[in-house]
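What follows is a set of notes on a single structure, which appears directly below.
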Amino acid sequence: MIPVTQSYLPPMEEYLHYLNQIWESHQLTNHGPLVVELERKLKEYLGVRHLFLVGNGTIALQIAIRALGLRGEVITTPFSYVATTSSIVWEGCTPVFADIHPRTLCIDPQLVEESITTQTTAILATHVYGIPCHVDELQRIAMKHNLKLIYDAAHTFGARYKGSSLVSYGDVSTLSFHATKIFHTAEGGAIITNNDQVAHQISYMRNFGHKGQEDFWGLGINGKKSELHAAMGLCILPHLAECIAARKQVCGWYDERLAGSTLTRPLIPEGSEYNYAYYPVLFPTEKSLLRVREALNARQIFPRRYFYPSLTSLPYVSAKHCPRSEEISPRVLCLPLYNGLSENEVGLITETIIASL
Ligand SMILES: *Cc1c(COP(=O)(O)O)cnc(C)c1O
């Protein structure tokens with residue numbers, strides 16, 4: 001069986017080393033020493049001023065929306081994981097979709113600008129598949145119209161743009177450390193900002209608003225991360241370069257074997273250092289995608305339709321149409337990609353695709 005992805009697991013002895021520390025300290029959660037250590041190492045790795053570990057990437061988005069005090073309309077992408085839109089709705093704001101750029105598949109800045117109304121308070125964009133959004137243009141628009149800019153950077157760990165970590169753009173960026181992501185802690189996430197005041201609020205919000213044991217700063221929620229999860233991150237971080245290199249090699253095998261086929265690939269803009277988070281391919285038609293998927297499934301190969309359907313079809317949003325997202329999302333398939341996928345397996349996958357395209 002070849003799944004679309006397989007979580008990287010570090011050597012078990014390395015995890016046991018941290019478990020021993022937990023058994024000694026008896027501290028399982030509440031901002032323990034391993035969470036503190038992982039936060040420090042991630043800040044250093046990403047080159048950012050503030051980073052808060054939280055329970056998952058969705059609570060990271062929700063806290064970011066709260067900390068920036070968003071209300072009214074938030075302009076967002078219809079081509080992302082459902083959590084990008086659901087967080088906006090969950091926080092009582094209204095998602096307004098701006099369609100995607102046909103090559104990068106990230107939100108199109110021109111359409112963002114056209115969607116701004118007097119009710120708009122923010123832009124929430126996704127660097128989809130780890131491909132950078134048009135960050136300079138989005139920054140310009142946000143400044144001009146006095147909007148907050150949040151990036152759902154769940155796919156971007158290890159990706160850089162114009163020499164900086166992709167998470168350093170915008171007012172706030174959020175990461176997911178779910179087991180399927182490049183860098184993971186089984187479940188987990190982080191909120192990143194370079195703004196001291198926003199950071200101050202997040203520091204209370206993620207811990208019930210506690211200011212000491214008996215005093216409260218204000219409204220908060222449980223966004224905490226456990227020591228067991230932090231331990232997984234501490235084990236994986238030293239192996240990250242090796243994981244990204246392994247993925248790059250797999251992507252190279254796909255590139256070679258699919259060159260000359262009718263499949264196309266999203267555009268990774270110049271100035272990017274890509275992290276090889278996903279291997280999305282665009283089929284000429286949805287029909288060809290379904291035919292190929294059936295042939296792959298028959299050989300126990302299970303790619304995933306990321307991201308399908310377009311979020312414009314969610315039952316709890318009253319969306320305007322986004323023709324590009326609605327036309328592209330039925331034709332996108334993410335091929336299996338993980339550390340340990342062999343050249344032979346990539347050969348089998350690509351032969352099957354080409355034979356039934
Ligand atoms: C994975 C993902 C999330 C949600 O992260 P969780 O850690 O699973 O809550 C949000 N947005 C995008 C784009 C994702 O891929």
Side-chain angles (χ1 to χ4, degrees), residues 3-8 35 38 42 51-66 74-91 95 97 100 104-107 122-133 149-159 166-167 169-170 172-192 206 221-226 228-230 232-233 236 247 266 274-280 303-312 314 317 325 328-329 332-334 337-338:
V4 68
T5 191
Q6 195 175 70
S7 301
Y8 172 79
V35 165
L38 183 58
L42 290 175
L51 179 146
F52 299 92
L53 286 174
V54 292
N56 57 66
T58 305
I59 197 79
L61 280 167
Q62 290 174 218
I63 293 175
I65 291 168
R66 286 268 171 167
V74 177
I75 299 174
T76 190
T77 175
F79 191 71
S80 182
Y81 183 59
V82 65
T84 315
T85 299
S86 65
S87 306
I88 297 171
V89 177
W90 198 268
E91 290 304 328
F97 293 112
I100 53 176
T104 63
L105 311 188
C106 293
I107 202 164
I123 303 165
L124 171 46
T126 301
H127 302 294
V128 73
Y129 307 125
I131 299 171
C133 288
L149 180 54
I150 304 179
Y151 286 111
D152 180 342
H155 303 164
T156 71
F157 202 87
L166 202 40
V167 295
Y169 292 91
V172 177
S173 283
T174 61
L175 283 165
S176 165
F177 301 146
H178 181 252
T180 55
K181 311 294 203 257
I182 286 194
F183 171 78
H184 77 87
T185 60
E187 290 277 2
I191 313 172
I192 291 126
R206 73 157 165 185
I221 196 169
N222 183 353
K224 287 179 292 161
K225 183 168 189 68
S226 84
L228 292 127
H229 291 91
M232 181 62 86
I236 293 177
R247 285 166 170 273
Y274 191 52
N275 63 358
Y276 306 93
Y278 296 86
Y279 196 90
R304 271 289 292 273
R305 296 183 84 179
Y306 289 138
F307 288 94
Y308 175 83
S310 171
L311 298 174
T312 41
L314 285 172
V317 295
S325 173
I328 289 169
S329 86
V332 180
L333 197 63
C334 281
L337 174 58
Y338 49 89

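Atoms considered below: every heavy atom in the structure, side chains included; atoms not considered: hydrogens, waters and symmetry mates. Fair warning: this is a prediction, and the values are worked out from it, not measured in the lab. Whatever order the structure lists them in is the order used to number ligands and atoms, beginning at 1.
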Inset, instruction - Take the angle between the ring planes of Y151 and H127 and call it parallel below 30°, perpendicular above 60°, tilted in between. - result: parallel

Inset, instruction - Taking R247 for its side chain and A277 for its backbone only, find out whether a donor-acceptor pair lies under 3.5 Å. - result: yes

Legend entry - Atoms in ligand 1 flagged as close to N56, the criterion being non-hydrogen separation under 4.0 Å: 7 (O), 9 (O)

Inset, instruction - Could you tell me whether Y81 and ligand 1 have an N or O pair separated by under 3.5 Å? - result: no

Legend entry - Region of E187 engaging ligand 1 - heavy atom pairs below 4.0 Å: neither

Inset, instruction - Classify the angle between the aromatic ring planes of F177 and F183 as parallel (below 30°), tilted (30 to 60°) or perpendicular (above 60°). - result: perpendicular

Inset, instruction - First locate atom CG of L105, then atom OG1 of T126, and finally report the distance between them rounded to the nearest 0.5 Å. - result: 12.0 Å

Inset, instruction - Answer yes if the side chains of S310 and S329 hold a donor-acceptor pair under 3.5 Å, and no otherwise. - result: no

Legend entry - Heavy-atom nearest neighbour in the protein, as seen from atom 5 (O) of ligand 1, with distance rounded to 0.1 Å: S176 OG, 3.2 Å

Inset, instruction - Could you list which atoms of ligand 1 come closer than 4.0 Å to a heavy atom of A154? - result: 2 (C), 11 (N), 12 (C), 13 (C), 14 (C), 15 (O)

Legend entry - Atoms in ligand 1 flagged as close to G188, the criterion being non-hydrogen separation under 4.0 Å: 7 (O)

Legend entry - From the candidates H178, H184, K181, the one that places a heavy atom nearest atom 14 (C) of ligand 1: K181

Legend entry - atom 4 (C) of ligand 1 [closest protein heavy-atom partner, distance rounded to 0.1 Å]: T58 OG1, 3.6 Å

Inset, instruction - Using a 4.5 Å cut-off on heavy atoms from C-beta on, say whether the side chain of I65 contacts that of V74. - result: no

Legend entry - Positive for side chain to side chain contact (heavy atoms under 4.5 Å, CB included) with T174, one of I192, D152, I59: D152

Inset, instruction - Between D152 and ligand 1, find which residue part has any heavy-atom pair under 4.0 Å and reply side chain, backbone, both or neither. - result: side chain

Inset, instruction - Could you tell me whether ligand 1 has any atom less than 4.0 Å away from a heavy atom of G189? - result: no

Inset, instruction - Could you tell me whether some N/O pair between S80 and ligand 1 is separated by less than 3.5 angstrom? - result: no

Legend entry - Ring geometry between H155 and F307 (parallel below 30°, tilted from 30 to 60°, perpendicular above 60°): parallel

